[in-house]
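Report on the following structure.
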Amino acid sequence: MFAAFAKTQVADNILWSLAQLDASELSDPRAARTYYDRIPLEYPASGLRDDARWNAVLLSEQLGDWAGARARLEGILKGRGGFLFGGPQSIWLDDAQLELGRVLRDHFGDLAGAIAAFRKLPKDYPTSILRDDALHELEITLLAAGDVPGACRALADLVKLEPGSKFIADATARGSACRR
């Protein structure tokens, strides 16, 4: 039946609805992810493209498919340079940047990759509300890597950037290695 709609302007909406149905009503996250993955591939100009990519990331994480989550996050970020396909207008770019750092650190043990991802967010997305999250995650990751001076610089950057951030109180509460 879907084949009859495949070349229409509603086909991406049908895939979206099928994904939503599988994810919520049928409890089949793998099938839902397959539908979400089809949207950016088959309908790259779809207004649902970026949301479908992000939902596929979340389902990959739910499934414990960390390699799949990583690949999808990298796919979201790869399109950053263009204005039409996955370009800077995507609301998920900064989220994807932050989540990539977490996935690299927490599920691949790639501290260097995570550090690079966390450093990139405040630089590449200067108006993002996630800048303080990234600097907090950077501090924690640098501490885990044994780079106390680097962690202290990240905390200092956080204090300078967002003096009212909840993460400053968190650093104080956990007895951060950095003295302000």
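A donor atom on one side chain and an acceptor atom on the other are not found under 3.5 Å apart for W16 and D51.
In the hydrophobic cluster analysis, where Ile, Leu, Val, Met, Phe, Trp and Tyr join through side-chain heavy atoms closer than 4.5 angstrom, I76 is grouped together with F108. Residues L18 and L63 are members of separate hydrophobic clusters, defined by side-chain heavy-atom contacts under 4.5 angstrom among Ile, Leu, Val, Met, Phe, Trp and Tyr. Cluster membership for L21 and Y35, using ILVMFWY side-chain heavy atoms within less than 4.5 angstrom, is not shared. Hydrophobic clustering (side-chain heavy atoms under 4.5 Å, transitive across Ile, Leu, Val, Met, Phe, Trp, Tyr) keeps L111 apart from L143. Linking Ile, Leu, Val, Met, Phe, Trp and Tyr whenever their side-chain heavy atoms come within less than 4.5 Å puts I91 and L130 in one cluster.
Using a 4.5 Å cut-off on side-chain heavy atoms (C-beta onward), W54 and L58 make contact. Between Y125 and R131 the shortest side-chain heavy-atom distance does not fall below 4.5 Å.
Sorted by first then second residue, the side-chain hydrogen bond (donor to acceptor under 3.5 Å, both in side chains) pairs that include residues 19-30, not counting sequence neighbours, are Q20-Y36.
Taking CG from L59 and CG from D37, the interatomic distance works out to 9.0 Å, rounded to the nearest 0.5 Å.
Residues forming a side-chain hydrogen bond (donor to acceptor under 3.5 Å, both in side chains) with R119 (at least two apart in sequence, or on another chain): none.
With R33 as reference, R72 is the one residue of R72, Q62, R38 to meet the side chain to side chain contact (heavy atoms under 4.5 Å, CB included) rule. Under the side chain to side chain contact (heavy atoms under 4.5 Å, CB included) test applied with L73, the options V103, D95, L104 reduce to a single match, V103.
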Intermediate values then yes/no, salt bridge (charged side-chain N to carboxylate O under 4.0 Å, His left out), D157 and K160: CA-CA 5 Å; D157 289 345; K160 181 179 176 183; over 6 Å; no
Residue pair R102, F118: steps toward the side-chain contact (heavy atoms from CB on, under 4.5 Å) verdict: CA-CA 9 Å; R102 290 176 177 153; F118 295 137; 4.1 Å; yes
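The number of heavy-atom neighbours closer than 6.0 Å to CD1 of I129, taken from other residues, nucleotides and ligands shown, is 12 or below.
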